[in-house]
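No experiment lies behind these values; they were computed from the predicted model shown.
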Amino acid sequence: MPTRFQDVVHRTIDANRYASKKTLAQGMLDIALLTANASQLKYILQVGHQHEFYTLMVTLISISIILQILVGVLFVLLGGLNINKERDQRKAEVINDISTALIFVISIVNVIISGFGLETKPILLSNLNREDIIEP
């Protein structure tokens, strides 16, 4: 009489499928961060030089966006490799290492962006000229 343990079908993990799903999940996170950075860039450009750290913020956000696009390209290349094939394993390892390093740099850049903040100083009503107030 078979035991419960023997009834369990042991399946091996398909490493290629796992890697593909991992790459897809990382890509989705990359898209979310890219969207946030695009929104931050739009805000900074709208505020203009009134923002205390305008040049620094535009530079950092642009660097983050460029690196994210590069990581996205690496993910596409990585997704096209089959790590079950020996000839693709080394390429996948190198691409994975490069993308991991770039993601680390992107994280650091975005921490710095957050540190400088995107808030502007509130404009007090007393500082507004009467003609600046739009009446309905």
Side-chain angles (χ1 to χ4, degrees):
M1 175 171 229
T3 65
R4 185 165 192 234
F5 181 74
Q6 291 171 334
D7 288 340
V8 176
V9 177
H10 295 286
R11 291 191 292 167
T12 59
I13 295 175
D14 182 0
N16 194 56
R17 184 177 165 129
Y18 170 79
S20 295
K21 285 185 177 186
K22 179 182 166 227
T23 300
L24 180 63
Q26 286 176 328
M28 294 295 183
L29 290 173
D30 193 39
I31 290 171
L33 184 57
L34 184 62
T35 302
N37 281 156
S39 178
Q40 291 169 333
L41 184 60
K42 177 184 173 188
Y43 173 79
I44 288 294
L45 292 174
Q46 286 175 335
V47 171
H49 291 281
Q50 293 173 356
H51 192 281
E52 188 176 6
F53 303 107
Y54 175 79
T55 305
L56 176 65
M57 295 299 285
V58 169
T59 303
L60 289 174
I61 294 169
S62 298
I63 288 169
S64 181
I65 290 172
I66 291 166
L67 291 176
Q68 288 174 63
I69 291 169
L70 181 59
V71 168
V73 170
L74 291 174
F75 284 163
V76 169
L77 293 175
L78 190 59
L81 298 175
N82 183 348
I83 62 171
N84 291 325
K85 295 181 180 177
E86 195 170 324
R87 65 182 169 90
D88 286 348
Q89 288 175 357
R90 181 68 185 142
K91 290 180 210 170
E93 188 177 320
V94 169
I95 291 173
N96 192 49
D97 290 345
I98 292 170
S99 62
T100 300
L102 288 174
I103 290 169
F104 178 75
V105 171
I106 291 168
S107 298
I108 298 298
V109 168
N110 278 280
V111 166
I112 295 169
I113 290 169
S114 296
F116 284 98
L118 294 176
E119 310 85 32
T120 59
K121 296 175 184 168
I123 300 172
L124 300 175
L125 288 176
S126 60
N127 292 341
L128 291 176
N129 295 327
R130 184 72 187 141
E131 58 271 5
D132 291 336
I133 300 174
I134 300 172
E135 303 215 12

Checklist entry - Can you list every salt bridge (charged side-chain N to carboxylate O under 4.0 Å, His left out) pair that touches residues 56-67, not counting sequence neighbours? => result none

Checklist outcome for this item: For L102, the side-chain contact (heavy atoms from CB on, under 4.5 Å) test, sequence neighbours excluded, returns L67, L70, V71, L74, I98

Item to check | Gap between atom CD1 of I44 and atom CG of L56 - 0.5 Å precision | outcome: 9.5 Å

Item to check | Closest non-hydrogen atom pair, Q68 against N110 | outcome: NE2-ND2, 4.4 Å

Item to check | Selection residues 92-109 - residue pairs positive for side chain to side chain donor-acceptor pair (under 3.5 Å), sequence neighbours left out | outcome: R90-E93

Checklist outcome for this item: Hits for side-chain contact (heavy atoms from CB on, under 4.5 Å) against K42, two or more places apart or cross-chain, chain-then-number order -> Q46

Next on the checklist: Hydrophobic cluster membership, with links at side-chain heavy-atom distances under 4.5 Å among I/L/V/M/F/W/Y: are I66 and V105 in one?
Outcome noted: no

Item to check | Partner set under side-chain contact (heavy atoms from CB on, under 4.5 Å) for L45, not counting sequence neighbours | outcome: L41, Y54, V58

Next on the checklist: Please report the interatomic distance CG(L60) to CZ(F53), rounded to the nearest 0.5 Å.
Outcome noted: 11.0 Å

Next on the checklist: Please determine whether residues I106 and F104 belong to a single hydrophobic cluster, defined as Ile, Leu, Val, Met, Phe, Trp and Tyr linked transitively by side-chain heavy-atom distances below 4.5 Å.
Outcome noted: yes

Next on the checklist: Treating T35 as the side-chain partner and I31 as the backbone partner, does any N or O pair qualify as donor plus acceptor under 3.5 Å?
Outcome noted: yes

Checklist entry - In Å and rounded to the nearest 0.5 Å, what is the CG to NZ distance from N82 to K91? => result 11.5 Å

Item to check | Contact summary for I113 and S64, nearest pair of heavy atoms | outcome: CD1-CB, 4.4 Å

Next on the checklist: As an exercise, state the distance from CD1 of I61 to OH of Y43, rounded to the nearest 0.5 Å.
Outcome noted: 11.0 Å

Checklist entry - Between atom CD of Q40 and atom OG of S114, what is the distance when rounded to the nearest 0.5 Å? => result 6.5 Å

Next on the checklist: For a quick test of reading the model, state the closest non-hydrogen atom pair linking Q89 to I83 and the distance between them.
Outcome noted: NE2-O, 2.9 Å

